[in-house]
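Notes for the one structure printed next.
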Amino acid sequence: MAIIETKGLTKIYSVGRRKVVGLDDATFQIEEGEIYGILGPNGSGKTTCLKLLLGILFPTSGEAYIMGMPPDSVEMKMQVGFLPENPYYYEFLSGAEILRFYGRLYGLSGPEFERRVSELLDLVGLGSAGRLALRHYSKGMLERIGLAAALVNDAKILILDEPTTGLDPIGCKETRDLLVRLKAQGKTILLSSHFLSEVERVCDRIAIFHRGRLLTTGSLEGLVRQYQAQNLEDLFVKTIQEYDAQHPLGKEPA
Amino acid sequence: MNKAWAIALNTFREALRKKTLYILLVVAFVVIGASKFFSWLSAEEELKMIRDVSFSTIEFFGALIAIFGALGAMSTEIEKKTIYTLLTKPITRTNFVVGKFIGLGLIMLLNYVLMCAFFIGLLIFKKSPPDIEVAKALLLIFWELLLISSITLSVATLASEAFNLIFSFFLYIVGHLTSYGRQITEQMQNAFLKGLSDIVYTIVPNYENFAIRDKVVVGVEVSWQYVGQTMLYGLIYMVIAILVAVYFFQKREI
């Protein structure tokens, strides 16, 4: 059974008098326990899709469900952990304080939760920086605390938008290893990224977005076979070039 | 309610760790303190001066803190994009607005208590401890400040920070002048101006209702019934402002 599902999800932004398609008729399902990667160039609709799933944006048309519940459901959000692209956090709080604050929103507190805060800080390599204000954190440290914040409620579903942006190669590898461990614990992970190698190494299935359109979705091996590509990079380029050739800019389908 | 309280405490903590409000508070102390240096006045006139200046200072600097606090509480959250992460947590948008309002209330209460303590200390130093009339005037000032912050917060959910800043100060001034404006237009023959004055008088909160300080300074007693009715009047406006804020914030895309 699909744990995340969208049906014809569409978002059209109004920019002055212009209409800009953020996401166009996206339909996909994510099964429980899998790592699903959303790939696409900048501005392809990846982040719009995640924001629609989480109720930050409202769809122009179509539907989205997580665990069968709509995006504005508080009950659904109890089961979800989210890492935004370029995490923005309260700079006046320390790493431990931000985790405590988010924890309280999930109804978590007390000695057991304090232990979890320490464990999470250690897990993301910020054990010694937990008391430091976030305004003193580097970009990589912010990404790490963002990941810890996404894990604070031990969520069933993790939605991670570019989780390795700003991390050094070791940090990237640690994050990838962590994702694999989380999957082994039974968590479902929706991962948005434009790092192909990252997606190739951890994802069970992928979706390629371009110019707001979901071009294709399926298992990596299946798609590589279907498109007669050599690897993910080749698949990615072929898919996008094929779409661009069929739909030149300014002649998008209605 | 726990979630709104967590957001309130976070808003309060943010204000405590920023310097802006302290500066306003220090300036207010200086102005209140300066009122005692009118040595050429008789003792009675000096006391009147201290009361008058202190009431006005607490009200004016309180209004500055209410407006800037409310602007910061909402706009900063949106501009710094911390709201992206917050709204993916299991909270409703109502929790967010109510939490922000309670947090603002705590910030204003702290500043107000400190300013009042300084004022009362000054009165005790002058061997004229405050009576119940002073308490009534201070109570209504605080109620006015809560009303100002609720309106600024409400406007922040649907307008830009710059517009809100201008609007809130404009409303603060108009709100203190509506009674005078009505008195003037009532003496005019122009039906249009009279009608306009009636509309403004009905919609715009009459902040002058809360200003009993002039009476208290000259020793005129104000009934508890008047205090209660004025607080109820303010409460109705506050509830409307918060409901408007919730309504617009629920429709707002971030």
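Note: hydrogens, waters and symmetry copies are ignored here, and every other heavy atom, side chains too, is used. Chain naming here is simple, since letters A, B, ... match the order of the sequence lines and numbering starts at 1 in each. Note that this is a predicted model, so its numbers are computed, not measured.
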| task | Apply the test side-chain contact (heavy atoms from CB on, under 4.5 Å) to residues B:T82 and A:E91: give CA-CA distance (whole Å), side-chain angles for both, the deciding distance (0.1 Å), then the verdict. | result | CA-CA 10 Å; B:T82 44; A:E91 291 174 346; over 6 Å; no
ask   = Is the number of heavy atoms from other residues, nucleotides or ligands under 6.0 Å of B:Y247 OH greater than 12?
value = no
Answer yes or no: is there a side-chain heavy-atom contact under 4.5 Å between A:L93 and B:R13? yes
What I'd like to find out is whether the side chain of B:K80 reaches to under 4.5 Å of the side chain of A:Y89, using heavy atoms alone. no
Is B:K81 paired with A:E85 through a side-chain N to carboxylate O contact shorter than 4.0 Å? no
Comparing A:L105, A:N153, A:L54 against chain B, the one with the most heavy-atom pairs below 4.5 Å turns out to be A:L105
> Does any N or O in the side chain of B:R17 come within less than 3.5 Å of the main-chain N or O of A:F92, such that one atom is a donor and the other an acceptor?
Replying inline: yes
If one checks every heavy atom of B:R252 against chain A at 4.5 Å, the contacting part turns out to be backbone
Residue from B:I83, B:L87, B:T85 scoring the most non-hydrogen pairs under 4.5 Å with chain A is B:T85
Checked B:T92, B:I7, B:T76 vs chain A; the most non-hydrogen pairs under 4.5 Å come from B:I7
Tightest non-hydrogen contact, residues A:F101 and B:A6, listed as CE1-O, 3.5 Å
Cut-off 4.5 Å, heavy atoms of chain A, and the answer for B:L16 is neither
I want to check a possible cation-pi pair here: B:K89 against A:Y102, using under 6.0 Å from ring centre and within 45° of the ring axis as the test. yes
What do you reckon, is OH of B:Y233 surrounded by more than 12 foreign heavy atoms closer than 6.0 Å? yes
Looking only at A:E97, A:E75, A:Q79, the option with the highest number of non-hydrogen pairs under 4.5 Å against chain B is A:E97
Between A:Y90 and B:L86, does a side-chain contact (heavy atoms from CB on, under 4.5 Å) hold up when you go through it step by step? CA-CA 10 Å; A:Y90 303 97; B:L86 193 55; 3.3 Å; yes
*Side chain to side chain, A:I56 and B:T88, heavy atoms closer than 4.5 Å*: yes
Interatomic distance, CG@B:L9 vs CZ@A:R104, rounded to 0.5 Å, equals 5.5 Å
Is there a donor-acceptor contact under 3.5 Å from the side chain of B:E253 to the main chain of A:F58?
yes
Residues A:F82 and B:Y84: closest non-hydrogen pair is CE2-O, 4.4 Å
